[in-house]
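First the structure, in the form of structure tokens, and then the observations on it.
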Amino acid sequence: MNLKQCIALALLSATGGVAMADEPIVGLITKTDTNPFFVKMKEGAQQRAKLKGAKLLTAAGRADGDNAGQVTAIENMVAAGAKAIMITPNDSKAIVPAIKKARAAGVLVIALDSPTEPQDATDALFATDNYKAGLLIGQYAKAAYAGKPAKIAMLDLFPGHPVGISRHNGFLAGFGAPGISAKTVGLAKTPDVVCMADSFGDQGKGQTAMENCLQKNPDINLVYTINEPAAAGAYKALKALGKEKNVMIVSVDGGCAGVRDVKAGVIAATAQQYPLNMAGLGVEAGVEYAKNGKKASGYVDTGVTLISDKQQPGVASRDTAFGLNACWGK
């Protein structure tokens, strides 16, 4: 038995034993196995796999950005007999050759949450409309400011990531910036954006980014954050300077901790997404392909809802009671 076969057998054994011949095998590869978003995604995949009588293989990168770990996971799952693989790409471009090899071997590959570059490198994409998520919180902020001049800090993800670009540009479009659309390439910038910094979606790095932005411009009064951990970091930086009551923070994700921060007034509004639904739909598509050869294709929108306890005119939203019932990462 060669090394790849040994690894494949170990991967199967870790999920409960070698699958029976009539039991379809599907795989889920997340960016990490610690982020609550991906923990919920794995939970959704496990639930749906059990319901559909499928064997689920799971793997994850060691940390955000670990492309090599995801490449190895794809190779191992193909060797283990997976008919379909779902993946949240750590590197939207570097992962493409490994996906191409898997598809050439007859495996259905579905991107979850984050697209590859190009998007059609996978058979399908099941994800939040990240541009819409940004648009919703931008519209909310615009309505809340009601013409009041804004000095905006943008706490982004990291350079080049399509999710970060979509949310960033959606926010600015929602806030009323002209000439920005879902097809805009790169991070847009408008005159009212006084600082842009990368947070890597991390609370500590978000706090540092906010501190740096406040040093650059202490009059910042509106903060966009890529996700709720970054928002929590931004709030901590603002509070340390006694500025938290005069600055609005808006964000994206809708995790349970984030929705609780909305309820507490730390975040004014967040756009909630649904990782459990992404993974569940992905498993269903994988099982359908394994059993009937029917391939999922194109983009499937898995939904987004604006969550806030302070409604703004003309902007549809749900309150935190709804958000806490639908959230993830409790």
Side-chain angles (χ1 to χ4, degrees), residues 34-40 128 133-146 148 150-157 167 170-171 174-175 195 197 199-214 218-276 303-313 315-330:
T34 55
N35 185 311
F37 184 89
F38 300 119
V39 171
K40 178 57 70 172
T128 305
L135 192 75
L136 288 171
I137 57 174
Q139 291 171 339
Y140 180 93
K142 182 176 176 62
Y145 273 66
K148 174 186 173 183
K151 294 186 178 180
I152 305 171
M154 307 284 290
L155 302 194
D156 294 306
L157 187 54
R167 293 182 184 180
F171 168 81
F175 200 71
C195 186
S199 72
F200 292 84
D202 176 81
Q203 181 170 334
K205 291 182 174 66
Q207 181 178 347
T208 299
M210 189 74 245
E211 290 167 349
N212 292 338
C213 283
L214 288 168
D219 297 325
I220 288 167
N221 59 5
L222 175 59
V223 181
Y224 153 89
T225 63
I226 183 65
N227 67 3
E228 292 147 2
Y235 181 83
K236 192 171 181 179
L238 289 163
K239 189 173 183 180
L241 296 175
K243 292 178 176 287
E244 77 278 9
K245 294 182 180 179
N246 300 316
V247 180
M248 175 182 285
I249 301 174
V250 292
S251 196
V252 178
D253 263 356
C256 298
V259 175
R260 287 193 289 268
D261 276 348
V262 174
K263 187 173 184 178
V266 172
I267 301 171
T270 192
Q272 186 172 65
Q273 52 182 341
Y274 304 103
L276 189 147
V304 61
T305 307
L306 184 69
I307 304 296
S308 179
D309 283 333
K310 296 181 180 179
Q311 291 190 336
Q312 296 298 331
V315 184
S317 64
R318 302 295 298 269
D319 63 16
T320 54
F322 173 91
L324 287 169
N325 188 57
C327 67
W328 42 268
K330 294 179 182 180

Measure across [X] and [Y] and return the closest heavy-atom pair with its distance rounded to 0.1 Å.
X	Y	value
Leu155	Ala234	CD1-CB, 3.8 Å
Ser199	Gly206	CB-CA, 3.9 Å
Val247	Leu222	CG1-N, 4.0 Å
Cys213	Ile220	O-CD1, 3.5 Å
Pro229	Gly201	CB-O, 3.6 Å
Leu214	Ala237	CD1-O, 4.3 Å

Thr320 and Ile307: side chain to side chain contact (heavy atoms under 4.5 Å, CB included), yes or no, with the steps?
-> CA-CA 6 Å; Thr320 54; Ile307 304 296; 4.2 Å; yes

Before giving the answer on side chain to side chain donor-acceptor pair (under 3.5 Å), spell out for Ser317 and Tyr140 the whole-Å C-alpha distance, their side-chain angles and the decisive distance to 0.1 Å.
-> CA-CA 9 Å; Ser317 64; Tyr140 180 93; over 6 Å; no

Are any non-hydrogen side-chain atoms of [X] and [Y] less than 4.5 angstrom apart?
X	Y	value
Asp156	Ile226	no
Asp319	Phe322	yes
Leu238	Ile249	yes

Residue set satisfying ring-ring contact (aromatic ring centres under 6.0 Å, His included) with Phe200, at least two apart, ordered chain then number -> Phe158

Counterpart residues, ring-ring contact (aromatic ring centres under 6.0 Å, His included), relative to Tyr224 (two or more places apart) = Phe171

Interatomic spacing from [atom1] in [X] to [atom2] in [Y] - rounded to 0.5 Å:
X	Y	atom1	atom2	value
Lys151	Asn221	NZ	CG	8.0 Å
Cys256	Asp261	SG	CG	11.5 Å
Lys142	Lys148	NZ	NZ	14.5 Å
Met210	Cys195	CE	SG	7.0 Å

Criterion side chain to side chain contact (heavy atoms under 4.5 Å, CB included) on Ile137 and Leu306, from CA distance to verdict = CA-CA 7 Å; Ile137 57 174; Leu306 184 69; 3.8 Å; yes

For Asn35, what residues pass the side chain to side chain donor-acceptor pair (under 3.5 Å) criterion, not counting sequence neighbours?
-> none

Test side chain to side chain donor-acceptor pair (under 3.5 Å) applied to Gln272 - qualifying residues, sequence neighbours left out = Tyr274

For the pair Lys243 (side chain) and Pro218 (backbone), establish whether a donor and an acceptor sit closer than 3.5 Å, ignoring hydrogens and angles.
-> yes

Is the side chain of Trp328 donor-acceptor paired with the backbone N or O of Gln273 at a distance under 3.5 Å, no angle test?
-> yes

What residues form a side-chain contact (heavy atoms from CB on, under 4.5 Å) with Ala143, not counting sequence neighbours?
-> Gln312, Val315

Start with the C-alpha distance between Gln207 and Gln203, add both sets of side-chain angles, then the distance that settles side chain to side chain contact (heavy atoms under 4.5 Å, CB included), and finish with yes or no.
-> CA-CA 6 Å; Gln207 181 178 347; Gln203 181 170 334; 5.6 Å; no

Please assess Leu136 against Thr305 for the test side chain to side chain contact (heavy atoms under 4.5 Å, CB included), listing each intermediate value before the final yes or no.
-> CA-CA 8 Å; Leu136 288 171; Thr305 307; over 6 Å; no

Among residues two or more places apart or on two chains, list those pairs meeting side-chain hydrogen bond (donor to acceptor under 3.5 Å, both in side chains) that have a residue in residues 225-236.
-> Thr225-Ser251, Glu228-Thr270

